Novice: 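Following this message is one structure expressed as structure tokens.
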Amino acid sequence: MATYNRRGYYQRRRRRKRTEVFTSRMRFTLLCLFFLFLIVFVVLAGRIYSMDKNDGDRYRKAALSQQAYTNTTLNYRRGTIKDRNNTTLAVSIRKYNLVLEPRTLMANETNKDFTLKKISKHFGVELSVLEQVVEEHPDSMYEHIDGLKELSSDMVDKFKEKMDKIKEEEAKKKKEKSEEEEETEEDQSQSKEIIGVWFEEVFTRNYPLGNVGCHLVGFMSAENAGAYGVEKSYNDYLCGTTGREYGYFDTNMNLQRTIKPAKDGDTVVMTIDANVQQLVEKQIADFQSNGVGAERVAVMLMNPKNGEILAMASDVSYDLNNPNDLSGMYTSEQINKMSNEEVNSNCLAMWSNFCLSSAYEPGSTFKPFTIAAGLDENVINDNSTFTCNGVLKVADREIHCSNRSGHGVLDLRHSLMESCNAALMSIGMKLGADKFYEYTKLYGFGQRTGIDLPDETSGQIHPKDQLNITELATSSFGQTQTVTMVQMMSGFCSLINGGNYYQPHVVKEIQNSNGDVIESFEPVVVKTTTTAATSKKLRSYLLSTVEEGTAKPAAVKGYAIGGKTGTAEKNGRDKRNYLVSFIGCTPAEDPEVAIYVVVDEPHAKDQAHSTYATEFASKIMKKVLPFLNQFADKSQSEDTSEKKES
């Protein structure tokens, strides 16, 4: 009896089912679909052939135009820099780069030749140069031409007028032709117009006053960013935001545009007076050329009541429109002999602002600070007296006074008037190292002032733990510690204005491109350095110093000038080189203007005379004070310097 194999039975049954999945009906359906798709394909192919035969040119032109997509950057105008009287110091001038569209030109040979000839004739560029650009970049829609960049508005406007005139003439011809008979394709091909050219707007930086205020204004770097001066420190305000122009050429090759406009930069209004700045620079140049001359001369003017810088200049200057030109400092022969490293080094030195980037020993102009500290600490008063024998032994050293024969007995006022080193050393010792150090820091020495200009240095003062008796003595009259001009001026202004230390600044406000004020920089009182009583006494002492003391040559007829001289022996004492200076103010009773003059190593056999600085300061003040609304009191008697001149 056969054995029934149930498992084998089911396996055979499943195999039969699998072989019967692709049935006859399915094969028939698939065949029908195949023929259906074949028919659709044949119909579409016929349709495409028909479209290509009848409208192929039109569709190809449309496709080409869609590929001619533009994405152009729209440049912003960098903000203007102005002085306090609205005089323009830096401005961006609109210029144009000519742009060719070779693809557009290649589409019409007649108009291509016509356009290139018109460009060549109007702008004075060789026709072969234009033809070469078109031939080398036939598919491009954006090509610059050497020699056709930064074109003036006048030149571009005249060319655009020609373009418009040609268009009008051609439109007139077409209108007349259409009135007579239907215009043919041959007529269209023979019509001439300027195509495939447009003008890209760019801006170039210009400094109308050339080198005036060069260290304050600064210039633009090769990367089109601010370098030095306000151009650098206020770069974020001056920079605008670039825009974009998106577009494509339609079937008639007309540009369809979408524009996101650029936002122009803001205007920076400075505190300086361009007239005063120019006068100061002119006086410095005259001092160097026709006067005594010196290795370095620098001048600062400041408003003691708010910290505004009114002028800041030195004998080194450069043309802001050509900042790499060293011809103002060196002869062409010297420049030709320089290596690239020497050229770069000399440029950096030329761009450096002496008034805030160079430190030096101030000399006796530091004495008012020591006296103010002594008065505020009550270690001295109006009735204090000092004996000067011409020399004072400090530790193992003998430190001389400016008067080697000695001043004798002096009260506090005459100690400043006669600039007695011995008296100041005595005051320094009464203060002690700790208090002297604290006041030195309080007056802003050994630290940056925070002026809104780049590259400020801090100078060097003795650390408290290194301020021994000798350093204390010499520091009390302005030797062995270094300062910057902006430090001295800021601290001095606080001594004469009642004790308010204003942060020095060169920018007054920010305006938008419409001229509306969007930000004002109000005076910032950083700290109080002295009492009102001490400030009043110092103003009186400083007035006496100019009227009767060592600063007599700084007097100006009709003005109450207060101030202090300085004669600092420079490091390398055996060389007998000096930096002489004068720091002062007017009106002495209630100062509106402060002045600081530094003459470093006068070109004289005997450099140790502060008169080089005081006489120069007097000359400057006579010129600039009326521009600062400070007018002479004609009732005042003639000062000593005027009598000497007469």
Side-chain angles (χ1 to χ4, degrees), residues 57 60-75 93-174 184-206 222-224 245 247-257 321-322 324:
D57 290 339
R60 276 191 289 273
K61 186 177 181 182
L64 180 64
S65 68
Q66 294 298 319
Q67 293 174 12
Y69 183 79
T70 63
N71 182 358
T72 306
T73 299
L74 300 178
N75 296 316
I93 297 176
R94 193 188 310 273
K95 295 289 183 74
Y96 295 90
N97 293 337
L98 186 145
V99 178
L100 280 183
E101 298 171 351
R103 182 188 291 177
T104 303
L105 291 166
M106 293 295 286
N108 190 315
E109 191 69 24
T110 300
N111 284 335
K112 182 192 82 169
D113 295 339
F114 181 74
T115 298
L116 298 185
K117 287 177 181 178
K118 288 293 183 182
I119 294 172
S120 175
K121 183 178 179 180
H122 184 82
F123 294 103
V125 63
E126 291 292 332
L127 181 61
S128 59
V129 173
L130 301 172
E131 291 173 337
Q132 183 178 358
V133 171
V134 174
E135 290 171 3
E136 290 179 354
H137 309 278
D139 295 324
S140 173
M141 292 295 290
Y142 184 89
E143 290 297 326
H144 282 139
I145 309 297
D146 291 338
L148 295 180
K149 295 179 181 179
E150 296 187 4
L151 302 169
S152 69
S153 296
D154 288 343
M155 184 174 287
V156 171
D157 288 342
K158 289 177 181 178
F159 186 78
K160 287 181 177 179
E161 287 175 6
K162 289 183 179 180
M163 292 175 66
D164 294 338
K165 188 175 181 181
I166 291 170
K167 284 182 180 179
E168 290 174 3
E169 291 175 352
E170 288 299 322
K172 186 177 180 181
K173 289 179 182 178
K174 287 181 180 180
T184 65
E185 290 186 9
E186 184 180 354
D187 293 328
Q188 293 176 4
S189 65
Q190 290 177 351
S191 65
K192 294 181 179 180
E193 60 179 312
I194 296 175
I195 63 171
V197 59
W198 54 282
F199 296 93
E200 177 185 55
E201 187 178 71
V202 295
F203 295 95
T204 59
R205 203 64 166 164
N206 180 262
E223 291 75 28
N224 206 32
E245 179 181 331
Y248 64 90
F249 291 89
D250 62 19
T251 56
N252 296 317
M253 296 307 289
N254 295 317
L255 181 63
Q256 304 300 318
R257 302 169 184 262
N321 293 302
N322 189 10
N324 294 305

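Keep in mind it's a predicted model, so treat the numbers as computed, not measured.
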Novice: Step by step, work out the side-chain contact (heavy atoms from CB on, under 4.5 Å) result for Val197 and Met163.
Specialist: CA-CA 10 Å; Val197 59; Met163 292 175 66; 4.3 Å; yes

Novice: Tell me which pairs pass salt bridge (Lys or Arg N to Asp or Glu O under 4.0 Å) where either residue lies in residues 127-138, with sequence neighbours left out.
Specialist: none

Novice: Should we count NZ of Lys95 as having more than 12 external heavy atoms under 6.0 Å?
Specialist: yes

Novice: Considering non-hydrogen atoms only, spot the tightest contact between Val133 and Pro102 and give its length.
Specialist: O-CG, 4.5 Å

Novice: When rounded to the nearest 0.5 angstrom, what distance separates CD1 in Ile194 from NZ in Lys162?
Specialist: 8.0 Å

Novice: So, using ring pair (Phe, Tyr, Trp, His ring centres under 6.0 Å) as the criterion, who are the partners of Phe159 when residues are at least two apart?
Specialist: His122, Phe123, Phe199

Novice: Please check this pair: side chain of Thr115 against backbone of Ile195, looking for a donor-acceptor N/O pair closer than 3.5 Å.
Specialist: yes

Novice: By the salt bridge (Lys or Arg N to Asp or Glu O under 4.0 Å) test, which pairs, at least two apart or in different chains, include something from residues 147-161?
Specialist: none

Novice: Who pairs with Lys112 by side chain to side chain donor-acceptor pair (under 3.5 Å), at least two apart in sequence or on another chain?
Specialist: Glu109

Novice: So how far is it from Glu201 CD to Asn75 CG, rounded to the nearest 0.5 Å?
Specialist: 7.5 Å

Novice: Which distance, rounded to the nearest 0.5 Å, do you find between the CD of Glu193 and the CG of Asn111?
Specialist: 5.0 Å

Novice: To the nearest 0.5 Å, what is the distance between CD1 on Ile119 and CG on Leu100?
Specialist: 5.0 Å

Novice: Could you list the residues that satisfy side chain to side chain donor-acceptor pair (under 3.5 Å) with Thr204, not counting sequence neighbours?
Specialist: none

Novice: Starting at CG of Leu98, measure out to CD of Glu143 and round the result to the nearest 0.5 Å.
Specialist: 11.5 Å

Novice: Check for a donor-acceptor pair, side chain of Ser120 on one end and backbone N or O of Glu126 on the other, with a separation under 3.5 Å.
Specialist: no

Novice: How many angstroms lie between CG in Leu116 and CG in Leu130, if you round to the nearest 0.5 Å?
Specialist: 5.5 Å

Novice: Quick one: list whatever passes side chain to side chain donor-acceptor pair (under 3.5 Å) with Glu200, sequence neighbours left out.
Specialist: Asn97, Tyr142, His144

Novice: Compare all side-chain heavy atoms of Tyr96 with those of Met155 and state whether any distance is below 4.5 angstrom.
Specialist: no

